[in-house]
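Since the structure comes first, as structure tokens, the remarks are kept for the end.
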Amino acid sequence: MKHPVKVYLEKGKTYHFCTCGKSADGVICDGSHKGSDFTPKAFVATRTGEALLCRCKKSGNLPYCDGTHAKHEKLDLDFLLNET
Ligand code: FES
């Protein structure tokens with residue numbers, strides 16, 4: 001399950017969103033993508049405070065979570081329940 005990760009952001013500060021999913025927290029690039037075709041996505045925080053960043057990488061509002069992971073989790077669960 002790829003639930004979002006709560007992080008603390010500072011308004012005006014640039015962060016690098018992990019697009020490969022291999023970073024330690026799954027949302028902030030730590031260089032683990034090296035050797036892959038992935039590159040981090042830079043973004044500037046628009047406010048100071050906690051934010052939920054997307055870890056499933058399917059949000060329509062990257063880097064922020066928009067709840068899309070819940071739909072995919074349901075599809076995964078449906079698949080498992082129907083598996084024979
Ligand atoms: S560690 Fe994932 S993009 Fe850098």
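As the structure lists them, so they are numbered: ligands from 1, and atoms in each ligand from 1.
If you check the side chains of S59 and N61, you find no donor sitting under 3.5 Å from an acceptor.
Put simply, the side chain of T48 does not reach to within 4.5 Å of the side chain of L9, judged on heavy atoms.
Ring-plane geometry between H3 and H69 is classed as tilted, the angle between the planes lying from 30 to 60 degrees on a 0 to 90 degree scale.
Of all protein N, O or S atoms, those under 2.8 Å from atom 4 (Fe) of ligand 1 number 2.
Annotation: K57, atom NZ; neighbour count of heavy atoms from other residues, nucleotides and ligands within 6.0 Å is above 12.
Rounding to the nearest 0.5 Å gives a distance of 4.5 Å between CD of E10 and OH of Y15. A distance of 12.5 Å separates OG1 of T39 from NZ of K34, quoted to the nearest 0.5 Å.
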